[in-house]
Amino acid sequence: MADLDARTIVSRAQIEGARFKVRPPARLSQGPIGAHLGAGSGTSVEFQEFRDYQPGDDLRRVDWNVYARSDSLVVRLYHIEVSPVVEVLLDASASMGLYSGKSGAATFLAAFLASATRQAEGRPVLVLDRERISGGRIEPTLCAVPFTSPGDPDAASRWPRGTGRPLRYLISDLLFPVSMGRYISDLGRDAAGLVTIQLLSQSERDPRLSGGVRLVDAEDPGRTKDLRLDRSVLKRYSERLAAHLDSIDEAAVRARAAIVRIEVPDVVRSVDRLRDLTVPPLLERGVVETA
Amino acid sequence: MSGPGLLAPWGLAALSSLAVVGVIYLFYQRYRKRSITGLFLWQAPKGWHEGGRKLSVLRLSRSLLLDLLACLLLSLAVAAPAWIARTGRTVVLVLDGSLSMRARDNHDKARDAARRTVASAGHASDWIVIEAGDVPRVLAGLGGDEGTLDKALDAYDPFESSDSLDEAVRLARELVTGHAEIHVFTDRDTGLKPPAASTLTAHVLAGRAPNLAIVDAVRHAGGTVSVAVASFSASAQKAKLEVRDGSLVIHDEGLELEPGAVAQVTLLLPPGTGALDVRLVSKRDAIAQDSRALLLPEPPGTVTFGLDVQDDSMLRALDAAGAVPADGAPDLLVTDAPDARGTVATLVLSVPGEEASTLLGPFVVDMAHPLCRDLDLTGVYWTTQVEGRLAPGSVPLVSVGDQLLYSIAPDGALVLDLDPTRSNITRTAAWPVLVANLVRHVSGNLPGLRRANYRPGEVPVFVRHADDRRNPESVEGEGLELEWERHAPPPRLPSRPGRYRVVSADGTGSELAVNAIAPAESDLRQLASRAGKHARGVTGVSAGAARLHPLAWLLAALALAAAALNWLLDRRKG
C-alpha cells in the first residue's frame, strides 16, 4: 500500500479535531474577546473584584448600592472574556520527513490541534519555517509541507512571534544537538503555556542497523560518520538517546511545559492508525479535552 | 571447432561480469549509505576501530540479485549461438568451383570465410561442404570433425568452366533434414533465393580484374596446332605467346591485344613433336592457370587392314583412305570368307557367281549413316547375286527393292554384295567415298583414347578393347586418382589442369591432358566489383558484423528489463 496522502491526513485530522478542544492553562492573560476568561478585567458577566473609582472609569460600572450605603464610589470589575491564540509550531526539517510515519503524524497533529483550537473558539496560528499562517490558509499549507528544511539549532529563538502570550504547541522530534534546557525555555518564555509534542520514529528509538554503514545526517548530507555497527555501538546510541530524552524532560519541567512523547512506526498506512497513535496521548496528558 | 559458449572465451568473459558485480557490491556495501536523524547520538565506543573488519560477507540485497540476474542473462545472450548449435543447427557451405574464383586469390579467401562461418556456428553444429562446379560435388557430408572440414576445404580446387550454384543450393536443401543455414561463397552477384526452411547468406568476393587467357587450343592429328588468345581487359595489353616442346622453344610471338580482341595463332609442327607447353606471358594477368595449355599429340587413328581377296581397286581405295596393311591382326579385314573377322571391323565381299544380275540405280541409300555419307550411286551398275534378299536382323545401307546390296549383318560385319570386276562402281567417285567412309568408321572405333587433350570436366572418349585387360581402370595424375568403372560410362575428368594417365589392368596406358580453358570464366569483367554479404531467409542469420540469434535478443532484452526494474525500484525507494 502506498504512503498516506497529506490531503487525506489533514481532512481526517480536521474531522477528528472537531470532536475535541484545546485545553488552555488556568487563565490566559491576553487575547481577543472570546470564550475564555482572561487574567485582566473585561466585559464578561463573571465578577472579579471591587475597586475604588478612578477618573475615567465607566460610570456604568459604579456600584450605586455601595455608594448609597457607604457614600464611597467603587466600581465593579468583571473578568475579561478572551479567545485563546494557539500557536502550533511545526518542525518541517528534513529529519521529520525521513520516515513517512513521523511526517504523517506531525501533519495530523498540526491539523488536529488547529481544528481543536477552533472548537475551543480559539484562533489557531501555524508557525512554519519562520512564517505565521492563520485562518483558512492553515489546512492547505499543511497539505503541502515538504519536510525538507535544513536543521536550525537556533530555531526556537528565531521563530516569529506574535503579540500577546499565546498557548504554544511544538511538534518536533527534538533530535538536534542543542541545549534542550535553553531551547525549551526560549520557546516558553512569552507563551501562556507550552506543550512540546516529541515524535520519535521506531528506527530512531530502536535502530535496526548492522555492518559497515556511512551514516548521513538527513538535514545536512555533508555531515557523515562511517561506523561498523555492532552491539556496542548500538548500545551506546541507546544510552545517548536516553540521556537526550532525559534532558528534554528536565528542560520541560523547568519551563513548566508539558511534554508528550509519541512513538510512531516508520511507515503508517492508515489515518485511523495515526489517530490512534496521536490523540490518546494528548487526551491522557490533558492537552485536549472532549468538546 | 569452437564458438561462443559458456566455456568459450566470450561466454566466459561475460560470466566474469558476475564476479565483477559481486566485488563492486562488496565494496559498496562495506559502507552503505544510510540517512538518519540525530547524527550526534551516534558515537563509536572507546577502543573501537573505524575500519572494522577488512572482509565481510556479501549481503544479498534485491539490487544485487537484480544486477546479477541482468549479468547472467547477458552472458546467456552471448552464449546463445552455441546453444542453438547444440540443438541441431546445420550449416551448408557452398563454394563456387568455377575457374574465376582463382582470380585475386578468392578461393583462399572463400576457404577462410568458410572456416570462420563454421567456427561462429558453434562447435556442436553440423556442416556440409559442397563445391559448385559444372555439377555440384559434395566434398564433406554431415558428421565430420575438424579434420574432415580441413580436408574438404583443401580439396576445394576451383577450375571448372561454370558454376552450378542453383543446383548446389538445391542439393544442400535435399541433404539437410530440418532447417538449413546455407552459406554461398562466390565472386558473382547472385540472385539466389533460399529454399524452403532455409536461410541463405551469399558471401560475395570481389572478382573483377583484367585478365588474358588462352580461350582455345587444339592440336590436330595432321601435325598442326591452333591457339586462340583473348584479352578481357579494359585497355590494350601486351603479351608473349611461347610454345615449347620440352625445353625447346618452337615458337615465340609478341601479341598486342585490344580490349575484347582474340588472336588466333596456327603452327605447323615438325614431325615427331612431343607434348607442347603453350604459355601466355603478360604483366596484368589475374588468373595464371588459364594462360597455359599442355597439348599432347592426338592419337593417330591409323587403320590397319588385311585383304583376303585379290581386288586392286579395293587396295587402292584403302591406301587412298590412309589405311595401312597390317603386320598382325588387322583392324579392318576385307574378306570373302563369311566367318573371318577383323579386330574392329570386317567387310565381307559377297562376290556373286555366275548367277548374277546387274542392277541399275536409283538405289535406296541410307544417307544418314556415316558409312553412306556423300555416297552418290547415280549411273552405277551394280552386279549382285540373284538370290540376295533382305536378311532378318540386317541393317540395310544400300538396297534396291528387297535386295540388300550393302548392309550390316546382325553380328556387326559389313556385307557388300558386289562383284567389283563386273560393276562400274570402282570407276566412279562413289567407290573411294564408300571405302573412305569405311576406314573413317573403323578409325573412329579403334580401341583406346580417341582424344588426348581435354577441358575441365569433360568426359574422355575411349573405345573399349575386346580384350578387357587393356581397358582402363583408373585415371591418375596431379596427385589425383579417379576410378574408371568397367561397365559404367567414362568418368568426368578432373578439372585441375595437368597431365593424366589412363591406366589399364595390364599396366599399359595412355596419356591425356586437361587444360583450364574456359572463356566464360576467364572473362572477369562481369564479376562483383566489391565484396559483401547478403542474407536472405526467414530467421537465424543476419548480414553484418553482429549476428545474434532471436533467443540472444530475447535474453538481452530480459537483462535490460532486470536492470531497468532495479533502477526504478531504487528511484522509488530513494
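All chains are named by letter (A, B, ...) in the order of the sequence lines, taking the proteins before the strands, and each is independently numbered beginning at 1.
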- Item | Working for side chain to side chain contact (heavy atoms under 4.5 Å, CB included), residues A/Glu204 and B/Leu41 | CA-CA 10 Å; A/Glu204 289 159 347; B/Leu41 296 173; over 6 Å; no
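- With rounding to the nearest 0.5 Å, the separation of CG in A/Asp220 from CG in B/Leu39 is 9.0 Å.
- When all heavy atoms of B/Arg34 and A/Leu209 are compared, the pair lying nearest together is NH1-CD2, 2.7 Å.
- When the shell of 6.0 Å around CZ of A/Arg132 is examined, it contains more than 12 heavy atoms from other residues, nucleotides or ligands.
- Taking a 6.0 Å sphere around CZ of A/Arg273, one finds it holds 12 or fewer heavy atoms contributed by other residues, nucleotides or ligands.
- At least one donor-acceptor pair under 3.5 Å links the side chain of A/Lys225 to the backbone N or O of B/Trp42.
- Neither the backbone nor the side chain of A/Pro221 comes within less than 4.5 Å of any heavy atom of chain B.
- Test A/Leu98, A/Leu215, A/Asp217 against B/Ser35 for side chain to side chain contact (heavy atoms under 4.5 Å, CB included) and you get one pass: A/Leu98.
- Summarising the geometry, atom CD1 belonging to B/Ile36 is positioned 7.0 Å from atom OH belonging to A/Tyr237; distances are rounded to the nearest 0.5 Å.
- A/His244 and B/Phe40 have perpendicular rings, their planes meeting at more than 60° on a 0 to 90° scale where under 30° would count as parallel.
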- Message: Walk me through whether B/Thr37 and A/Asp173 qualify under side chain to side chain contact (heavy atoms under 4.5 Å, CB included).
- Response: CA-CA 9 Å; B/Thr37 55; A/Asp173 55 10; 4.3 Å; yes
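- Listed for the A/Arg214 side chain is no donor-acceptor partner under 3.5 Å among the backbone atoms of B/Lys33.
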